[in-house]
Amino acid sequence: MLIPCPHCGIRPVEEFTFLGDARPVRPASNDPATMDQWFDYVYLRDNPKGRFDEYVHHSGGCRAWLVVTRDTETHEVFGAVTARDWAGKRKGRRA
Amino acid sequence: MKYSVFSLLKNAASGHKNWTPAWREPDPKPEYDIVIVGGGGHGLSTAYYLAKEHGLTNVAVLEKGWLGSGNIGRNTTIIRSNYLLPGNNPFYEWSMKLWEGLEQDFNFNAMVSQRGVLNLCHTDPQRDAFARRGNAMRIDGVDAELLDREAVREMYPFFDYDNARFPIKGGLLQRRGGTVRHDAVAWGYARGADSRGVDIIQRCEVTGIRTAKGKVVGVDTNRGFIKCKKLGLAAAGNSSEVAAMAGMKLPIESHVLQAFVSEGLKPYIDGVVTFGAGHFYVSQSDKGGLVFGGDIDGYNSYARRGNLPMVEHVIEAGVAMIPSLARVRVLRSWGGIMDMSMDGSPIIDKTHIEGLYLNAGWCYGGFKATPASGWCFAHTIARNEPHSLNAAYRLDRFRRGYMLDEKGQGATPNLH
């Protein structure tokens with residue numbers, strides 16, 4: 001797999017560390033009443049077959065956090081944006 | 001037909017022309033008492049023990065590919081019961097006991113070979129941890145021996161004992177551990193289940209799960225709707241996809257694990273050995289190839305093939321442990337899809353839907369568990385409650401805070 005880092009260009013997969021699904025949103029509250037949201041965030045996964053957005057750290061490169069869009073069935077990489085840009089876009093979508 | 005030396009002689013006399021198929025290929029009936037989704041090791045052993053232990057034979061096993069085309073034929077064939085935690089050890093030891101009697105039980109040669117599983121340690125703290133785990137095993141009645149460096153050297157003189165970074169300090173040996181011919185496990189269970197009346201239906205993919213009033217009523221498949229009273233899911237790497245058909249979201253991610261086999265060599269490694277400073281495990285098959293593997297690639301995947309960086313990493317670990325491996329040529333490598341649970345332990349349980357049962361989350365330790373997994377899942381389905389052996393493998397343990405985290409690392413889908 002080759003990943004197009006927005007800062008470094010196309011780089012091989014061994015430079016990157018994968019964290020996993022970028023979709024779950026960390027609950028904003030520590031209130032025990034939000035335990036179900038925390039359970040969902042920490043443990044449950046959609047685990048899709050196909051298109052997947054995931055957090056990836058360019059640990060062997062610019063050390064930026066990225067969100068890579070990839071197909072989990074074919075390993076085809078569609079693109080990568082910085083996690084900051086991705087969060088901004090997601091906020092925009094929700095608003 | 002019962003397989004024996006007499007059946008072999010009889011068929012040899014007639015030129016081996018009269019062997020009959022080991023199982024039927026029936027068309028699906030419109031209705032079964034119990035349907036199992038997944039014709040791999042766990043699904044087939046579940047059907048076998050449903051028939052044998054519980055007398056339930058109106059059972060179908062639905063397999064989307066061919067029988068045993070998934071992880072039962074892709075693993076590195078290791079069996080062991082060298083766990084630490086109380087919720088794990090009795091279960092895996094029961095699996096070991098079932099392995100020990102399996103071939104007589106299902107009348108099939110699965111080449112169960114108790115050649116010993118040796119974990120190497122490379123630091124003093126690691127040796128302490130091994131002593132603790134060995135003691136935990138012995139408390140649960142499992143055999144465990146802590147070996148010093150010289151005892152390991154006697155068994156395997158060609159390891160790198162004086163490696164500057166990973167010197168070998170000793171090892172934890174389970175002599176009853178070993179290897180099993182993995183495909184034969186699927187075939188033996190399939191034959192045993194089929195002969196008791198279970199329908200094994202290949203090339204039958206489940207496309208939907210139908211429920212009514214919180215109860216399972218059947219499954220849609222590419223060969224039509226099949227009605228059932230109880231439905232057991234044993235879909236391994238595809239568990240999330242199948243469970244989603246019933247509206248469930250699981251604490252599971254699917255990852256790819258690669259395995260490798262070398263060219264055939266003369267007898268070289270007579271047991272199973274694992275490297276303690278990296279992730280590498282190796283044994284030698286009866287054909288002579290070294291069968292080895294390492295860690296998952298580390299990203300979500302349903303691809304059944306990995307990437308080269310992990311190939312390099314696994315072989316580096318192997319060469320660090322056994323320098324002479326550097327001259328061995330790798331013949332093949334392949335990948336399987338692991339259902340990685342969030343605490344590294346499996347799930348064998350009922351679900352919130354009446355009549356729907358789940359067997360999943362085997363990470364990459366599912367092969368050794370095949371007999372006990374089927375045995376416990378059959379019990380859970382037949383009695384509608386878990387057996388005490390799988391009582392720790394409840395689905396709601398994550399919500400309740402009763403994780404079975406053998407590594408003590410917290411919620412992450414890269415444990416085993």
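By convention in this document, chain letters (A, B, ...) are assigned in the order of the sequence lines, proteins followed by strands, and residues within each chain are numbered from 1.
Counting heavy-atom pairs closer than 4.5 Å to chain A, the top-ranked of the candidates G298(B), S239(B), A303(B) is A303(B). For chain B, the option among E73(A), E54(A), E14(A), R70(A) with the highest count of heavy-atom pairs below 4.5 Å is R70(A). The candidate from A244(B), S240(B), A243(B) with the greatest count of non-hydrogen atom pairs under 4.5 Å with chain A is S240(B).
Proximity to chain A at a heavy-atom threshold of 4.5 Å picks out nothing from residues 351-358 of chain B. Close approach to chain A, defined as a heavy atom under 4.5 Å from one of its heavy atoms, is seen in N307(B), P309(B) of residues 307-318 of chain B, taken by number.
When heavy atoms are compared at a cutoff of 4.5 Å, D297(B) does not approach chain A at all. At a 4.5 Å heavy-atom cutoff, the contact between D40(A) and chain B is made by side-chain atoms alone. Looking at P48(A), the atoms closer than 4.5 Å to chain B (heavy atoms on both sides) all sit in the backbone: N, CA, C or O. Heavy atoms of E241(B) lying under 4.5 Å from chain A belong exclusively to its side chain.
A 6.0 Å sphere centred on CH2 of W334(B) holds more than 12 heavy atoms belonging to other residues, nucleotides or ligands. Crowding of F78(A) atom CZ: a count of heavy atoms from other residues, nucleotides or ligands under 6.0 Å exceeding 12. The number of heavy atoms from other shown groups lying within 6.0 Å of CZ (R400(B)) is above 12. Heavy-atom contacts from other residues, nucleotides or ligands closer than 6.0 Å to CZ of R223(B) number more than 12.
To the nearest 0.5 Å, atom CG of residue N47(A) and atom CE of residue M340(B) are 11.5 Å apart. To the nearest 0.5 Å, the span separating CG on N300(B) from CG on D71(A) amounts to 12.0 Å. Atoms CG and CZ, from L44(A) and R399(B) in turn, are 7.5 Å apart once rounded to the nearest 0.5 Å.
Counting heavy atoms from C-beta outward, H255(B) and F18(A) have side chains that stay 4.5 Å or more apart.
Judged by distance alone, with hydrogens and angles left aside, the side-chain atoms of R305(B) form a donor-acceptor pair with the main-chain N or O of T74(A) at under 3.5 Å.
Relative ring orientation between H75(A) and Y299(B) is described as perpendicular, the plane-to-plane angle rising above 60° on a 0-90° scale split at 30° and 60°.
Smallest separation of non-hydrogen atoms from M403(B) and Y43(A): CE-OH, 2.9 Å.
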- Please report the C-alpha distance between I252(B) and R45(A) in whole Å, then the side-chain angles of each, then the deciding distance to 0.1 Å, and finally whether the side chain to side chain contact (heavy atoms under 4.5 Å, CB included) criterion is met. CA-CA 6 Å; I252(B) 284 175; R45(A) 296 288 186 271; over 6 Å; no
